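Every value quoted in this text rests on a predicted model; they were computed, and no experiment measured them.
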2 protein chains.
Amino acid sequence: MAAAATNPPTSPKPAMRDSLIAAAFQLFLERGYEQTTVDDIVTLAGVGRRSFFRYFPSKEDVVFPDHDQCLDDMTRFLAASADSDDPMVRVCGAARLVMRMYAENPTFSVQRYRLTREVAGLRAYELSVVWRYEKTLGDYLRTRWADRRDGTLRANVAAAAVVAAHNHALRHWLRSGGEGEPFEEVDRALEFVRATWSPDAPGAAAGDTAAEEDGDVVVVITKRSTPMWRVVREVESSLGEG
Amino acid sequence: MAAAATNPPTSPKPAMRDSLIAAAFQLFLERGYEQTTVDDIVTLAGVGRRSFFRYFPSKEDVVFPDHDQCLDDMTRFLAASADSDDPMVRVCGAARLVMRMYAENPTFSVQRYRLTREVAGLRAYELSVVWRYEKTLGDYLRTRWADRRDGTLRANVAAAAVVAAHNHALRHWLRSGGEGEPFEEVDRALEFVRATWSPDAPGAAAGDTAAEEDGDVVVVITKRSTPMWRVVREVESSLGEG
DNA sequence: CTTCGTGCGGCACTCGGTGCCGGTTCATTC
DNA sequence: GAATGAACCGGCACCGAGTGCCGCACGAAG
């Protein structure tokens, strides 16, 4: 019910890991996080206590099982960046990866959201998770703006702004119970910060976007007012990139 | 050596609390944070183990003894805001309170900075501290921009930007070992984000600022290019506002 | 002198987390 | 087919953070 998004090549046998996650969330939703001990989880999962800490370095980690993978995806996505594209557009696309991960399992994401809202310890742990994303985005912007005046300051502030905008939209979607279009709000929010931090202001087009491949040429048909970076992403995905 | 800034009215007898902080930092600097147990601290301080947790809810809290007070100061500072002043200017002034707290004890701040850089657990705890500041700033901006389009989004993003800019300058100062003028960098960074987020762009004056009181009239003499909010702060302090 | 509130110390206990060891399984190798 | 070795797993024993509870000492008020 609450399995993480793990692809076969990375982990061939995550059976025990998944069963631990399932058992943990079942108990967390029943009695609450703090009222559930690790012994309760391993007993329900039918495994040894020692095995829990083999798969999760701490009790909090079982609540955020998919963020490590997502952070890797983001790192690779940024590493695959070209010098030609707008750094802010790239960073917004990276933030979109996180939203996509949440949107893949709406019920799981909403359950976790309600847990983290109630338990202070989980909220604190979530901050460290978010911080890793922000650091990754900031490192990327820092290298891209290395020659720029106040490059590191701009990078840190812009990364924080992107993360804040993403989380704003994410929480909006989570509060709605995972109904509604996940990317609608996050696109608006990301475009908002992109427009204020991107040096050039492209008056782009959009709304719904459609792309047709033809060799190396990509034809994009879209409505005016679509976020520019969303158009860029459409072109990139059409060219077969991540 | 490492006492927190506690004023007499709030805590008349923080003798044991201060001795615990001193003992803790002495041991932290000698053997490191994780190599020091709470028993070691209370033994050195000559008090009972139970008393430690009376003054500090967790072992991490002894590293950040002054942030509770600073958060209160910030909350009051924002609550004393008038509808007439620019919200972003006010928020930058609030962030400056944090920098001021760090600058009051440079050696202590630098020691703590080196500790938090090495110990992952302290870094995670620091995030929750920073998050409280960001939430406080965000709440203030949210109410000030309640009628504005995308007010909450703007508030969240702007608060994150202010915090990021402040932390950027703060770390810069801490890395320098607490030498140099503390407010020089933070003023530049805060003015940077204020200029991008404040609706109106005041071409203010400054550099060094001097104010003379004369009844209710405040005469400010300053150089061009001084951050506007710094001028505002000067006027406020001249009018006798915390 | 008594009494009551407060602050402190000293248990005893729970629970998260780690190191270590022994057993099982499975694939490799002769 | 049997021996070998690497992984994986379970079961301790142990450490340290954090909590609840009780008893004691001290000082102020009656």
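Rounded to an integer number of Å, the gap from CD of A/Q35 to P of C/dT14 is 16 Å. Atom pair B/R54:CZ and C/dT6:C1' shows a separation of 10 Å (rounding to whole Å applied). Distance, A/R50 CZ to C/dG17 P: 12 Å, rounded to whole Å. A/R49 has its CZ atom 11 Å from the C1' atom of C/dT14, to the nearest Å. Separating the CG atom of A/L20 from the C1' atom of D/dC9 is a distance of 12 Å, rounded to the nearest angstrom. In this entry the distance linking CE of A/M16 with C1' of D/dG10 reads 9 Å, nearest Å. We find that CZ of A/F52 is positioned 11 Å from P of C/dT18, with the value rounded to whole Å. Note: OH (A/Y55) to C1' (D/dC9) measures 9 Å, nearest angstrom.
Which of C/dG17, D/dA17, D/dC9 sits closest to the side chain of A/S58 comes down to C/dG17.
Near DNA chain C, meaning a heavy atom under 4.0 Å from it, residues 36-45 of chain A has A/T36, A/T37, A/V38 in order of number. Scanning residues 112-128 of chain B for heavy-atom distances under 4.0 Å to DNA chain D yields an empty list.
Just one residue in the list A/T37, A/V38, A/I41, A/T43 forms a side-chain contact (heavy atoms from CB on, under 4.5 Å) with A/R49, and that residue is A/V38.
Side chains of A/Y133 and A/H166: a donor-acceptor N/O pair is absent below 3.5 angstrom, by distance only. A donor atom on one side chain and an acceptor atom on the other are found under 3.5 Å apart for B/D61 and B/S58.
Counting heavy atoms from C-beta on, the side chains of A/N156 and B/R171 come closer than 4.5 Å. Side-chain contact between A/R100 and A/P182 is absent, with no heavy atoms from C-beta onward closer than 4.5 Å. Looking only at side-chain heavy atoms (C-beta outward), B/V63 and B/F25 come within less than 4.5 Å of each other.
For D/dC9, the OP1/OP2 oxygens have no side-chain nitrogen or oxygen of A/S51 closer than 4.0 Å.
For B/R123 (side chain) and B/R117 (main-chain N/O), a donor-acceptor pair under 3.5 Å exists by modelled atom type.
For A/Y113, there are no ring pair (Phe, Tyr, Trp, His ring centres under 6.0 Å) partners, not counting sequence neighbours.
More than 12 heavy atoms of other shown residues, nucleotides or ligands fall within 6.0 angstrom of atom CZ in A/R31.
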